[in-house]
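Have a look at the structure below, then the notes.
For the numbers below, each heavy atom of this structure counts, side chains included, while hydrogens, waters and symmetry mates do not. Quick caveat, the model's predicted, so the values are computed rather than measured.
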Amino acid sequence: MEWAWIAAAAPLAAFPLVALRGKWLPGRGAYISIAAIGLSFVLFWLVGADFLRRQADHFSITWFNSGGTRLALGMIIDPLSVYMLGIVSVVALGVQVYSLKYMEHEPRFSWYFAVQSLFAASMLGLVLSDNFLLLYVTWELVGLCSYLLIGFWFEKRSAAEAAKKAFVTTRIGDVGLLIGILVLFKATGSFDIGTVIQAAESGQISSGTLTVAALLLFAGAMGKSAQFPLHVWLPDAMEGPTPVSALIHAATMVVAGVYLVARAFPIFEAAPGALEVVGWLGLLTALLTATMALVMTNLKQVLAYSTISHLGFMMLALGSIGFTGGMYHLMTHAFAKALLFLGAGSIAHGTGLTDIKDMGGLWRKMPLTSTLFILGALSLAGVPPLGGFFSKDEVLAAVYHNQGPVVLGLTLVLALLSALYMARLVFVVFFGPDRSRESGVHAHESPWQMVVPLVALAYLAVTSGAAAFYLPGTGEGLGQFLFWEEGEAFHPLWWLIIASMVIVAAGFVIAWGIYQRGWRVARALEPVARLARRKYYMDDLYQWTIDRVVLVFAGMVALFDRTVVNDGGVNGSGGIVARVGKRLRYHETGRVYNYGLVMAGAIVVLGLMVTLLR
Amino acid sequence: MVDYKLLVPQFLLAGLAFGLLALDLVLPPARRRYIAYLGALGLVGIVLSTISLRGQEAALYGGLFLIDNYALFFQGLFLVMGAVILLAAEDHVRKFLGHAGEYYGLVVVAVLAMTVMTSAGELLTAYIALELLSFTFYVLSAYATRDLRSNEAGVKYILLGAFSSALLLYGISLIYGATGTTYFRGIAGAVGGTLSPGLLLGLVLLIAGFAFKAAAVPFHMWAPDVYEGAPLPTTAYLSVAAKAAVFGLLLRLFSQGLLPAIEVWRWVIVALAAASITVGNLVAIPQTNIKRLLAYSSIGQAGYLLVGLAALSPQAVSGVLVHLAGYAATNLLAFTAVIAYYNETGHEQIEDFAGAAERAPYLALLLTIAMFSLAGLPFFAGFTTKFYLFTAAAQEGLLWLVGLAAAMSVVSLYYYLMVIKQMYIHPSRHSPRLRPGFVLTGVLGVLAFAVVAIGVYPGPLVRFIETASKGLFS
């Protein structure tokens with residue numbers, strides 16, 4: 001549908017309006033922002049309905065012609081983009097409504113909503129974009145919004161540091177992405193994703209180039225989707241407001257990497273070795289961060305590590321040619337994790353607590369929030385019949401079909417770990433004794449503006465399981481929808497499903513034993529736990545490298561820059577230019593007869609020029 | 001038989017000019033502001049009649065007066081510029097100048113003169129139109145009758161202008177003597193082979209005369225003095241419209257009349273371009289008055305436009321036209337912002353802009369946009385249009401000149417940034433907030449939108465201009 005661009009343009013228009021004039025607008029600008037994202041959400045339905053009646057489509061206008069290269073602004077309407085459009089707009093809408101109350105007392109309230117709008121615009125532009133150039137621009141824009149929102153409370157040193165860390169770390173991946181895009185452009189002469197994919201599939205690009213390009217694109221995905229070893233920024237990003245964590249660092253921006261791999265999937269398929277790297281790195285990330293999620297005690301940190309783990313799981317799915325599984329898990333995870341973060345925000349709002357060591361017995365004080373939070377946790381743990389159960393089994397099936405027994409075994413271990421840490425949260429936070437002195441007095445249920453989005457997300461988290469078999473409007477399952485022409489049905493493997501259910505049950509039993517009954521397992525594993533708690537010393541390693549290597553080298557460069565480049569090159573040449581300008585100034589005497597003389601002289605010189613150069 | 005329908009815009013312009021003059025006599029002083037609004041409305045209305053002529057090709061009066069897409073493009077541009085100037089000038093004229101109706105009437109006469117200049121197919125028609133334009137500007141420059149600087153500007157302009165007109169006429173007569181014609185097409189047939197000394201001298205004098213009107217180095221020396229002395233709206237009009245009209249005339253003359261002799265005159269134009277770019281940008285650096293700064297900046301801009309004239313391929317002509325459109329929007333934005341600031345404060349030194357960001361944030365932002373665009377930073381018109389212009393010139397082999405132009409664009413960033421620095425970094429010496437009027441604010445908004453639109457999405461404008469410039473080479 002030609003009007004799909006409005007889905008991104010509406011929030012984009014809201015951004016300057018709310019940023020500059022927020023104070024005077026209804027709801028301090030928040031209503032404008034919400035109206036814009038609401039419009040995007042409505043457009044998703046229109047575009048989706050229109051799309052189901054017709055076929056995949058693709059619109060573009062020429063933005064710039066330069067030396068025979070056409071730079072276009074365009075969008076692609078296909079199953080993947082419609083699907084992403086839906087996920088992003090619904091979560092963004094829910095989070096913005098939630099923020100209305102959550103951010104109520106912030107002095108920079110309007111600015112918050114302005115950036116939320118900018119983020120929605122760039123994220124929607126990212127998923128609709130039909131060419132790598134626009135994709136890169138929006139990719140950087142979501143990074144910028146992430147930076148601005150993590151550092152929303154920039155007076156707090158830790159928040160400012162976290163924002164910087166997130167920006168710099170993802171930027172390392174972005175450089176790879178940019179080079180990858182340029183490599184593909186060099187090979188095909190086009191930024192258009194469809195053209196590049198065609199070239200890759202028809203073998204126009206040499207396989208070596210293709211692998212390099214695919215891995216460079218994946219580097220960008222690793223930064224954005226916090227894959228090992230660039231995962232370190234995401235836990236720190238929890239310094240931002242909780243709704244931001246829900247939207248950007250759980251449901252939408254961090255899955256941009258997964259989306260990129262999915263969008264460029266034919267390139268990865270055609271590039272030998274690329275998908276193996278994606279799969280293995282995803283698995284490594286998922287296992288590593290799942291263990292960290294098990295030992296962290298800050299609620300949002302646990303959720304952050306769980307997010308990384310699930311992103312790794314999606315990468316593993318894509319690496320195992322489980323396109324449907326990966327994208328399906330992207331959706332169920334987005335709904336469930338956004339729900340969990342908003343739930344965590346609701347808990348913080350109601351009790352003022354952020355550390356799970358202080359929580360306990362919340363079930364009795366905040367029944368609604370607790371129920372909804374537990375629903376999200378169960379979905380992510382993979383409990384049937386919630387959404388996460390089906391998507392996880394889809395991924396397991398893909399792993400079984402396309403990977404060896406080692407990978408399958410490790411994936412099952414991962415399933416156990418993720419059930420375990422979710423069960424830990426449920427038992428520690430909601431059941432058992434109240435561990436805090438204050439929370440009992442203040443704990444209260446959150447206002448309706450916060451509860452309604454929770455309920456909506458919980459509804460989606462619960463029912464998204466059905467999408468495997470029946471997607472409303474299509475009459476088919478998600479697999480057929482996403483692949484459109486060569487659709488694949490949901491293919492359950494009964495023994496695998498039963499195995500995974502047993503594993504989840506085992507996870508819950510173990511968690512129950514440890515956190516409710518006080519089994520002494522934790523002590524035996526203390527050395528491992530300490531390692532995980534110190535984040536496997538990754539942060540320390542990076543800090544050491546920055547202090548000892550990067551800064552020392554930077555110091556030498558800075559010295560050279562100050563003396564040679566700055567004093568000599570910049571100030572020197574600038575000084576000369578300024579001096580010449582000052583000297584030349586005096587040719588302007590203000591006397592008319594001087595001016596006439598100069599003109600006459602100039603004519604003589606020009607006349608001589610013409611005569612002599614003839 | 002002359003088809004008068006094609007001349008409707010010119011008739012309407014003449015009528016509008018006299019109508020505005022007459023209104024000045026009828027209306028009481030308190031209501032004279034409406035003359036400006038009415039004039040702007042009239043000019044925008046005439047744009048419609050210009051649009052209705054689109055696609056027409058005709059040579060009236062035996063080829064003296066040409067109607068084609070090229071002429072109509074400029075006609076539209078001048079009409080819009082005139083409307084903008086009327087709206088931007090109103091506040092200033094009411095506060096600082098008298099005889100409002102005459103001022104506005106003269107602005108419209110200038111529009112008429114410019115439309116004839118770009119339609120002229122023959123040297124004497126062009127000359128007469130140019131003289132009409134010059135005379136209106138002599139008057140408009142000296143309009144602040146009680147301001148000594150304005151009087152000085154008028155006197156200097158008319159003295160040197162007369163000198164340059166004499167050069168031009170002498171050049172035309174020499175060319176007529178050598179070729180026996182003053183028609184552009186006729187001259188093209190006569191300058192193919194080796195040129196006689198008389199023709200060469202005529203050519204040099206012609207170029208010198210036009211270079212004076214375009215304020216190209218070394219015929220630029222009147223410009224800073226006149227720009228500084230003249231009332232602000234006149235300076236704005238002079239820097240944008242007069243320059244555009246001269247280049248509109250030059251491009252037609254050179255492509256239709258002098259193209260066969262390109263090897264002879266190209267190096268003259270290249271020399272003028274290089275000198276203008278260098279001197280304009282370097283001498284702008286130590287300036288302390290914003291009008292003088294913009295005067296030197298516009299000398300530099302004339303240099304960029306001359307680069308396109310030296311290249312003179314269809315792409316280069318499109319490049320010049322695109323750059324003219326972008327430059328018009330940008331410079332009008334800059335001047336309108338300065339006018340608004342001057343109307344409220346009475347100051348025009350660059351240091352007086354200190355603290356403008358606090359006193360008038362909107363104004364400061366828009367002036368910043370204009371400065372960035374003039375310097376040629378991306379996302380603004382200046383970048384895109386310079387890019388087109390320089391690319392076209394580079395394709396014609398003028399690489400070193402393009403290199404010089406690009407390097408001097410970097411230098412120009414320095415003095416544009418100095419203005420921004422004053423506004424945003426230096427604290428204000430006066431505190432009250434400034435509130436420019438509704439009309440000025442609206443004009444500023446529209447211009448800023450145009451600057452950003454051309455910078456971000458130039459496609460439609462470029463396609464439109466390419467159809468306009470194609471006709472010159474057929």
Completion exercise
Note: vs chain A, highest number of non-hydrogen pairs under 4.5 angstrom among B:His220, B:Gln287, B:Glu263 is B:His220
Problem - Leading residue by heavy atom contact count with chain A [cutoff under 4.5 Å; candidates B:Ala271, B:Gly459, B:Pro224, B:Pro361] - result: B:Pro224
Exercise for the section: Pull out the residues in residues 592-608 of chain A that come under 4.5 Å of chain B, heavy atom to heavy atom, sorted by number. Expected result: A:Val592, A:Tyr595, A:Gly596, A:Val598, A:Met599, A:Ala602, A:Ile603, A:Leu606, A:Gly607
Where does [X] contact chain A at under 4.5 Å (heavy atoms): side chain, backbone, both or neither?
{"X": "B:Phe212", "result": "side chain"}
{"X": "B:Leu272", "result": "side chain"}
{"X": "B:Tyr414", "result": "neither"}
{"X": "B:Val268", "result": "both"}
{"X": "B:Arg266", "result": "neither"}
{"X": "B:Phe219", "result": "both"}
{"X": "B:Val456", "result": "both"}
{"X": "B:Leu201", "result": "neither"}

[atom1] of [X]: more than 12 outside heavy atoms within 6.0 angstrom?
{"X": "A:Tyr31", "atom1": "OH", "result": "no"}
{"X": "A:Arg108", "atom1": "CZ", "result": "yes"}
{"X": "A:Phe109", "atom1": "CZ", "result": "yes"}

Fill in the blank from the handout: Between A:Val610 and the options B:Ile207, B:Leu195, B:Val204, the side chain to side chain contact (heavy atoms under 4.5 Å, CB included) test singles out B:Val204
